[in-house]
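This report concerns only the one structure given below.
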Amino acid sequence: MLKDNIQSLLAQVSELSAANAEEVEALRIKYLSKKGEITALFNEFRNVPNEQKREIGQLLNQLRQQTESRINELREKVESQKSKVESKLDLTRTPDPISLGTRHPLSLVREEIIDIFSRIGFTVAEGPEVEDDKHVYGMLNFAPEHPARDMQDTFFIEKEIGVQKPTDVLLRSHTSSVQTRVMTSQKPPIRVLCPGRVYRNEAISARAHCFFHQVEGLYIDKNVSFADLREALLYFSKEMFGPDTKIRLRPSYFPFTEPSAEMDISCNICGGVGCSFCKGTGWVEILGCGMVDPNVLEACGIDSKEYSGFAFGMGVERITNLKYRVKDLRLFSENDVRFLRQFEAC
Ligand code: DAH
């Protein structure tokens, strides 16, 4: 009986298998623990007649050794499988970083301009890039034959593809069109900034491009004077270029402002002494400005006897060049990461 039991267990043991450490341990308990099947056979050994003790004893020892070695073999197998899985899983590895881009220098500068003017009550207004003649020129007091309307300067949009007919649909050449849209839809007091992209039919070079960015400003209220314009622009220049910055207003002409001026700031490279950047003058031009022409106010439905206002417009690329010395305009739209990465810390 005992011999048969030993032999059937010996056959079983060589077939044992386990998928994990828990199953190996369950086998050890089943066969080799104090209450295990093999231990039970050893307990029965006492009752074996003396003449069989040698043979049965040998068989029992063989069974125990084979079981132990099979279980050890299984234990090693599951442990090596586990460590293979674990070796693929490197818990110390830093996760793949999410690669962040950098902010475009023109966005940085545009946001800074908006931030400075928002501190004196300006809010942002936006309008369409595809505009009509009325909002870009007509309501802004441009004469019907004004050269800015010329095909050389403005991109007109064909109404039918391939058919070149006179059209009043165009890509805006300045963001002053947003000023007209605000003046016709809001009542004074008005204090807005109009940032956006504008288009002009220019040959692309280091100094000119067929599109660029502007931020214009418009303030309309009772009793707005040229002194208010000057103060607002002086405040802006000091905030943007440093507290020692001086400004200079030179008479100029725009159809939509009267009087009009061009504004220079003291050269922020040489501090106004004169250098190659400011061509020895100590001044650099940064924007156009003036008092809103009464014709413009009236065209937009604002009573020019009750209200007056000032307006200004600057090129974001120009300000960025002054702040970060980006001389070649083309760099702004080439998407070269070696250029863009330089603004990582800004
Ligand atoms: N629109 C002008 C331009 O594109 C810039 C400008 C000048 C805007 C004077 C203004 C202004 O609002 O008052 O060159």
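All values derive from a computational prediction rather than experimental measurement. Counting from 1, the numbers follow the sequence of the chain as shown. Every number for a ligand or one of its atoms is a count from 1 in the order of the listing.
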- Task: Compute the ring centroids of F117 and F312, then answer whether they are less than 6.0 Å apart.
- Result: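 Yes - the distance between ring centres of F117 and F312 falls below the 6.0 Å cut-off.
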- Message: Suppose we call two aromatic rings close when their centres sit under 6.0 Å apart. Are Y199 and F155 close by that rule?
- Response: no
- Item | Partners meeting side-chain contact (heavy atoms from CB on, under 4.5 Å) with E76 (sequence neighbours left out) |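 E76 satisfies side-chain contact (heavy atoms from CB on, under 4.5 Å) with no other residue.
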- side-chain contact (heavy atoms from CB on, under 4.5 Å) evaluation trace for H174 with R200: CA-CA 9 Å; H174 55 183; R200 288 183 195 176; 4.0 Å; yes
- Query: Sequence neighbours excluded, which residues qualify as ring-ring contact (aromatic ring centres under 6.0 Å, His included) partners of Y307?
  - Reply: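 Per chain and number, Y307 pairs via ring-ring contact (aromatic ring centres under 6.0 Å, His included) with no residue.
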- Item | Residues in the immediate environment of ligand 1 (any heavy atom closer than 4.0 angstrom) |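 Only H174, S176, Q179, R200, Q214, E216, F254, F256, T257, G288, C289, G290, A311, F312, G313 have heavy atoms that fall under 4.0 Å of ligand 1, ordered by chain and number.
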- Residues joined to V198 in its hydrophobic cluster, side chain to side chain under 4.5 Å directly or through other members, sorted by chain and number, are F212
